[in-house]
Amino acid sequence: MIGKPNVKYVANMHGNEAVGRELMLHLIEYLVTNYGYDQYVTWLLDNTKIHIMPCMNPDGFAVSEEGQCQGGKGRYNVQGFDLNRNFPDYFKENNVRPQPETEAVKDWISRIQFVLSANFHGGALVASYPFDNTPNS
């Protein structure tokens, strides 16, 4: 829709990093229950297309253990792939077999022009930017 910016939030790329998943579920609930009652929420939803994927890795989430975000249990999908390392890299070849989850996200972002995006992880404070690596890093 022309003039209405698309914003994308993705969480739980690592199944054992569940805080982002919970935040996105609560954000959805907050937006839905406050639309029509809260002036700012109503304006925001009337003027922005917000896309939310609370869980990119449901396989990992299903096997993760509450309180355990260290290590590999729940980090990978059912095929044993780290979805965070399954996307193309601008500077180095990635020969890892594309997973259905990453293919679906790649298709999604190729169809919709997002002007703002966030991917929620847990365990560390990191800010990443498109193509923020270098050929020699």
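Keep in mind that the numbers below use all heavy atoms, side chains included, and drop hydrogens, waters and symmetry copies.
For the residue pair Glu101/Asn77, the side-chain donor-acceptor check at 3.5 Å is satisfied.
When side chains are defined from C-beta on, Lys106 counts as touching Pro88, because their heavy atoms get closer than 4.5 Å. For the pair Leu116 and Lys8, the minimum side-chain heavy-atom distance is 4.5 Å or more.
Scanning all heavy atoms of the two residues, the minimum distance from Asn12 to Cys55 falls at OD1-SG, 2.9 Å. Between Ser64 and Gly74, the shortest heavy-atom contact is CB-CA, 4.0 Å. For the pair Pro54 and Ile28, the tightest heavy-atom approach, listed with the atom from each and the gap, is CG-CD1, 4.0 Å. Across all their heavy atoms, Arg21 and Ala11 have their closest contact at N-CB, 3.6 Å. The minimum heavy-atom distance between Asn86 and Gln99, with the atom names listed, is OD1-N, 2.8 Å.
Ring orientation note: the planes of Phe114 and Trp108 are nearly perpendicular, at an angle over 60° on the 30°/60° scale.
A single hydrophobic cluster is seen to contain both Leu27 and Trp43, as judged by linkage of ILVMFWY side chains at heavy-atom distances under 4.5 Å, directly or through other members. Taken together through direct or relayed side-chain contacts under 4.5 Å among Ile, Leu, Val, Met, Phe, Trp and Tyr, Val41 and Val7 form part of one hydrophobic cluster. Under the 4.5 Å side-chain heavy-atom criterion for ILVMFWY residues, a single connected hydrophobic cluster contains both Phe87 and Val10. Val105 and Val78 fall into different hydrophobic clusters, defined by Ile, Leu, Val, Met, Phe, Trp and Tyr side-chain heavy atoms under 4.5 Å apart, directly or through other members. Transitive grouping of hydrophobic side chains (ILVMFWY, heavy atoms separated by less than 4.5 Å) keeps Val115 and Met53 in distinct clusters.
Among the candidates Asp82, Asn16, Asn84, the single residue satisfying the side chain to side chain donor-acceptor pair (under 3.5 Å) test with Arg75 is Asp82.
Residues in residues 25-37 take part in these side-chain hydrogen bond (donor to acceptor under 3.5 Å, both in side chains) pairs, two or more places apart or across chains: Tyr35-Asp46.
More than 12 heavy atoms of other residues, nucleotides or ligands lie within 6.0 Å of CZ in Phe120, so this atom counts as buried by the packing criterion.
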Practice item. Take Leu45 and Leu31 through the test side chain to side chain contact (heavy atoms under 4.5 Å, CB included) and record every step on the way to the result. Key: CA-CA 8 Å; Leu45 293 176; Leu31 294 173; 4.0 Å; yes

**Study point:** side chain to side chain contact (heavy atoms under 4.5 Å, CB included) assessment of Glu22 paired with Val19
**Key:** CA-CA 5 Å; Glu22 294 303 311; Val19 173; 5.9 Å; no

**Study point:** Evaluation steps, side chain to side chain contact (heavy atoms under 4.5 Å, CB included), between Met56 and Leu83
**Key:** CA-CA 9 Å; Met56 186 178 163; Leu83 300 178; 4.1 Å; yes

Exercise for review: Assess whether side chain to side chain contact (heavy atoms under 4.5 Å, CB included) is satisfied between Arg111 and Ile109, documenting all intermediate values.
Suggested key: CA-CA 5 Å; Arg111 287 183 291 108; Ile109 61 177; over 6 Å; no

Check your understanding: Under the side chain to side chain donor-acceptor pair (under 3.5 Å) criterion, do His14 and Asn57 qualify, and how do the steps go?
Key -> CA-CA 6 Å; His14 295 131; Asn57 187 355; over 6 Å; no

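Panel note: side chain Thr48, backbone Pro5; no donor-acceptor pair is recorded below 3.5 Å.
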